[in-house]
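Report on one structure; see the data block that follows.
For the single chain, residues carry numbers from 1 onward in sequence order.
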Amino acid sequence: MATSRLQLEGDDSVHLHITHANLKSFSADARFSPQMSVEAVKEKLWKKCGTSVNSMALELYDDSGSKVAVLSDDFRPLGFFSPFDGFRLHIIDLDPSSVTTGGWLEDTSLVEKYNISEEDYAKRTDSFRKFKEKRVSQNPVAAEAKTKENYMEDLCANIKVGDRCQVEPGEKRGMVKYVGRAESLGPGYWVGIQYDEPLGKHDGMVKGTRFFECPRLQGGMVRPDKVKVGDYPERDPFEEDEI
């Protein structure tokens with residue numbers, strides 16, 4: 001059987017692709033030591049996907065898509081099931097009440113939104129509106145100063161669509177998808193980012209205006225001073241747990 005060999009010299013770890021039965025957008029690659037027990041593999045995966053160890057079943061597929069093993073014995077080492085580089089480890093969540101079922105972790109439209117009436121909001125003393133009104137009353141001159149239309153335009157000189165970047169705060173990595181004005185967000189210049197992970201708020205459409213296309217919850221619009229372009233490769237989501 002032809003398989004891709006990704007091991008470094010002297011490294012006996014195996015490189016597997018990870019998928020999840022309930023999370024259609026979940027996809028990752030990771031290295032595992034053949035000496036790890038199946039239970040240890042599950043513990044490592046639990047931290048990344050949310051399926052508990054006791055509710056997790058694992059299936060191993062070869063690089064042609066055929067099932068080669070069901071990892072049913074938690075105490076056997078992973079190597080017992082003869083995984084090779086390029087094989088796929090598929091996670092099945094056996095808990096019908098798990099957070100991964102029903103799309104709750106992927107479809108925010110399923111989450112009930114809290115709405116407050118205009119009358120009730122006006123009565124609140126700790127709202128942003130009240131805070132803004134207080135600031136204006138304390139410094140009316142500053143409140144009248146408007147953001148210029150070319151605000152931060154100079155910072156966009158070295159930012160172009162297609163650049164890899166890192167966004168602060170949070171060291172979130174992604175790709176620049178838009179550079180320019182966004183009147184619906186405010187005067188001045190903005191940068192549209194497609195994050196590598198679902199760390200955003202939209203799919204490139206903001207307040208009814210589409211600025212770019214990207215997967216849902218991977219889009220963000222930020223000011224240019226928050227963006228650093230350069231050689232920022234995608235992070236391995238499992239790198240902190242490398243063997």
Side-chain angles (χ1 to χ4, degrees), residues 6 13-32 40-53 55-56 58 61 85-93 95 98-111 113 159-179 182 185 190-207 209-243:
L6 302 179
S13 64
V14 60
H15 185 276
L16 302 178
H17 183 61
I18 314 300
T19 57
H20 195 292
N22 292 347
L23 305 176
K24 304 307 179 184
S25 63
F26 179 85
S27 179
D29 293 278
R31 287 188 175 278
F32 299 89
V41 171
K42 289 181 177 180
E43 289 177 351
K44 182 174 180 177
L45 295 174
W46 160 69
K47 298 176 182 178
K48 303 299 179 182
C49 70
T51 296
S52 69
V53 173
S55 301
M56 187 185 302
L58 296 177
Y61 291 78
D85 283 342
F87 277 22
R88 178 168 64 93
L89 197 57
H90 187 58
I91 302 169
I92 299 174
D93 196 325
D95 182 2
S98 169
V99 295
T100 69
T101 60
W104 289 100
L105 291 183
E106 297 180 300
D107 188 354
T108 56
S109 66
L110 297 175
V111 181
K113 307 299 189 299
I159 303 175
K160 62 182 184 298
V161 173
D163 283 344
R164 290 289 303 171
C165 65
Q166 182 165 284
V167 178
E168 302 294 347
E171 298 185 347
K172 297 178 287 187
R173 293 186 180 181
M175 178 182 295
V176 176
K177 299 283 284 188
Y178 175 84
V179 181
L185 297 179
W190 297 81
V191 179
I193 307 294
Q194 176 178 324
Y195 294 114
D196 296 335
E197 300 176 78
L199 302 173
K201 297 181 179 180
H202 49 74
D203 64 353
M205 178 178 286
V206 185
K207 296 185 177 180
T209 301
R210 179 160 296 285
F211 294 96
F212 58 92
E213 298 274 357
C214 77
R216 196 168 56 82
L217 297 183
Q218 286 187 229
M221 293 289 285
V222 298
R223 288 295 191 182
D225 62 337
K226 306 297 183 185
V227 180
K228 295 180 180 179
V229 298
D231 183 17
Y232 293 106
E234 291 190 37
R235 289 192 177 94
D236 180 350
F238 289 87
E239 64 182 354
E240 64 185 32
D241 293 329
E242 285 296 325
I243 307 301

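- Side-chain contact between Met56 and Val41 is absent, with no heavy atoms from C-beta onward closer than 4.5 Å.
- With hydrogens and angles ignored, the 3.5 Å screen pairs no side-chain donor or acceptor of Arg173 with any backbone N or O of Arg164.
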>> If you apply the rule side chain to side chain contact (heavy atoms under 4.5 Å, CB included), what do you find for Met221 with Lys207, and how did you get there?
In response: CA-CA 11 Å; Met221 293 289 285; Lys207 296 185 177 180; over 6 Å; no

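- Looking at heavy atoms from C-beta onward, Asp196 lies out of side-chain contact with Tyr232 at the 4.5 angstrom threshold.
- Considering only heavy atoms from C-beta on, Val222 comes within 4.5 Å of Ile193 through its side chain.
- Residues Cys214 and Gly204 share a closest heavy-atom pair of SG-N, 4.0 Å.
- At least one side-chain heavy atom of Leu45 sits under 4.5 Å from a side-chain heavy atom of Leu89.
- For the pair Lys201/Tyr195, no side-chain contact is recorded, criterion being any heavy-atom separation below 4.5 Å from C-beta on.
- Taking all atoms of both residues into account, the shortest heavy-atom contact from Glu197 to Gln218 is O-CG, 3.5 Å.
- No side-chain heavy atom of Leu58 sits less than 4.5 Å from a side-chain heavy atom of Ile92.
- Ile159 has its side chain within reach of Pro224: a pair of non-hydrogen atoms, C-beta onward, lies under 4.5 Å apart.
- For the pairing with Thr51, the side-chain contact (heavy atoms from CB on, under 4.5 Å) check across Asp93, Leu23, Asp95 returns one residue only, Asp93.
- For His17 (side chain) and Ala28 (main-chain N/O), a donor-acceptor pair under 3.5 Å exists by modelled atom type.
- Side-chain contact between Asp29 and His15: present, with at least one pair of heavy atoms (C-beta onward) separated by less than 4.5 Å.
- What you find for Arg88 and His90 is that their closest heavy atoms are NH1-ND1, 3.3 Å.
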